[in-house]
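Residue indices begin at 1 and follow the sequence shown. The shown structure was predicted, so the numbers you read here are calculated from the model rather than taken from an experiment.
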Amino acid sequence: MDNANPETPPLSGKEIYQKICHNIEKVMKGQSAAIRKLLSAFASGGHVLLEDYPGTGKTTLAKALAFSVDVTFKRIQFTPDLLPSDILGVSMLDPNARTFHFHEGPIFAHIVLADEINRASPRTQSGLLEAMAEFQVSIDGNLRKLKDPFFVIATQNPVESRGTYPLPEAQMDRFALQFSLGYISPEEEINLLSDQIQQHPIDTIQPCVDLQHIITLKQQVKQIRISEELKRYLVDIVNATRSAEGVQLGASPRASITLMKISQALALFDGYEFVTPEHIQELAVSVIAHRLVMEPQARFSGKTAESVIEDILKSVPVPT
């Protein structure tokens with residue numbers, strides 16, 4: 001791993017991104033755009049909701065990121081009988097010492113995969129709210145800080161409704177991005193078959209960066225400049241959702257903050273020292289659409305939150 005030799009020059013944020021991206025691409029064929037989205041959230045301190053059909057590689061993508069970084073990783077399979085204590089942890093009595101000792105749950109990891117999050121009850125889902133927003137949990141009256149970095153990747157299946165509990169708007173707003181992977185091309189699928197004749201590529205992936213690299217990456221994202229004109233442009237896009245036709249509930253200021261941070265990450269990945277309008281436009285749909293609540297009549301007529309954002313991007317003037 002780089003930086004083991006004190007004489008080795010430190011990696012830039014762009015180089016760290018490229019190393020992780022290249023490592024994940026060994027496993028995820030034909031998913032460069034999805035990897036870029038995932039890493040933009042990871043580098044900017046947000047969380048990701050992957051919503052796609054079974055077998056498209058949602059869990060594999062999360063594992064590929066976790067195995068590419070030398071940090072702790074936990075996977076939680078959400079089910080209807082899962083309790084908040086199964087995620088957060090529980091205090092257990094030590095009969096010999098006659099004291100309670102807290103046993104940490106899987107939430108106390110750097111990267112947490114919440115698989116099929118919509119299968120858990122609202123009570124259990126709410127156990128993630130404070131953790132995702134405040135990077136801490138309240139247990140037995142005590143505040144316990146989570147690890148830094150702390151990154152949640154949640155998945156859900158959009159085609160099954162039996163035994164599921166739709167995520168409430170408050171929890172949807174906690175996710176920086178929501179996106180799908182989609183199906184890969186037939187040629188890439190053939191390569192996928194060839195790669196898995198002997199074993200799954202995920203079994204051979206090794207960490208390519210460590211915790212210090214991730215800290216450096218996140219620090220450099222914060223140093224990317226964004227002009228006052230682009231801040232205004234960004235806010236105008238988000239503000240337009242609050243009065244858009246067919247939208248019952250528009251995006252909150254949290255969407256503006258997230259879009260700014262995501263844009264900074266994209267600029268760093270591209271080797272820029274400042275944000276451009278293209279960086280804001282690139283992931284505006286993935287950042288904002290899942291936060292909107294559409295009016296029933298608009299939904300029945302086929303209007304989607306994604307189409308609303310696309311129309312707004314066409315109508316809001318771009319700073320020169």
If you count every heavy atom of other residues, nucleotides or ligands that lies below 6.0 Å from [X] atom [atom1], does the total exceed 12?
X: Q297; atom1: CD; result: no
X: K261; atom1: NZ; result: no
X: K303; atom1: NZ; result: yes

Of all residues at least two apart in sequence or in a different chain, which pass the side chain to side chain contact (heavy atoms under 4.5 Å, CB included) check with D81?
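Side chain to side chain contact (heavy atoms under 4.5 Å, CB included) list for D81, sorted by chain: T79.
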Which residues pass the side chain to side chain contact (heavy atoms under 4.5 Å, CB included) test with L146, sequence neighbours left out?
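Per chain and number, L146 pairs via side chain to side chain contact (heavy atoms under 4.5 Å, CB included) with I107, F108, A131, V137, F150.
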Counting only pairs under 3.5 Å, give me each side-chain donor-acceptor contact of residues 43-53, with atom names and distances, residues two or more places apart or in other chains.
residue : atom : partner : partner atom : Å
S44     : OG   : S40     : O            : 2.7
S44     : OG   : A41     : O            : 3.3
H47     : ND1  : V152    : N            : 3.0
H47     : NE2  : M132    : O            : 3.0
E51     : OE1  : Q178    : NE2          : 3.2
E51     : OE2  : Q156    : NE2          : 2.6
D52     : OD2  : L181    : N            : 2.7
D52     : OD2  : G182    : N            : 2.6

Would you mind checking if [Y] and [X] are paired as a salt bridge, meaning a charged N to carboxylate O distance below 4.0 Å?
X: R144; Y: E104; result: no
X: D115; Y: K63; result: no
X: E229; Y: R232; result: no

Nearest-0.5 Å distance that lies between atom [atom1] in [X] and atom [atom2] in [Y]:
X: C208; Y: Q18; atom1: SG; atom2: CD; value: 11.5 Å
X: L113; Y: Q77; atom1: CG; atom2: CD; value: 8.5 Å
X: K145; Y: E134; atom1: NZ; atom2: CD; value: 8.5 Å
X: N239; Y: L234; atom1: CG; atom2: CG; value: 11.5 Å
X: L249; Y: R242; atom1: CG; atom2: CZ; value: 9.5 Å
X: T72; Y: K147; atom1: OG1; atom2: NZ; value: 5.0 Å

Under 3.5 Å, sequence neighbours excluded: what are the donor-acceptor pairs made by side chains of residues 311-318?
residue : atom : partner : partner atom : Å
S315    : OG   : D311    : O            : 3.3
S315    : OG   : I312    : O            : 3.0

By ring pair (Phe, Tyr, Trp, His ring centres under 6.0 Å) - contacts of F42 (at least two apart)
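By the ring pair (Phe, Tyr, Trp, His ring centres under 6.0 Å) rule, F42 matches F151.
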Side-chain contact test, heavy atoms from C-beta onward, threshold under 4.5 Å: evaluate it for [X] versus [Y] and give yes or no.
X: F269; Y: H279; result: no
X: L292; Y: I309; result: yes
X: L65; Y: F73; result: no
X: I20; Y: I214; result: yes

I'd like to know if the side chain of [X] and the backbone of [Y] have a donor-acceptor N/O pair within less than 3.5 Å.
X: H213; Y: D210; value: yes
X: E273; Y: R225; value: no
X: S286; Y: L283; value: no
X: R291; Y: S252; value: no

May I have the step-by-step check of side chain to side chain contact (heavy atoms under 4.5 Å, CB included) for T60 and H200, ending in yes or no?
CA-CA 10 Å; T60 302; H200 199 295; 3.9 Å; yes
Nearest non-hydrogen partners of V221 and A265, listed with the distance:
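V221 and A265 have their closest heavy atoms at CG1-N, 3.9 Å.
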What's the shortest heavy-atom distance between A255 and V287, and which atoms?
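Distance-wise, the nearest heavy atoms are O-CG1, 3.9 Å.
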side-chain hydrogen bond (donor to acceptor under 3.5 Å, both in side chains) with R123: which residues, sequence neighbours excluded?
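side-chain hydrogen bond (donor to acceptor under 3.5 Å, both in side chains) list for R123, sorted by chain: empty.
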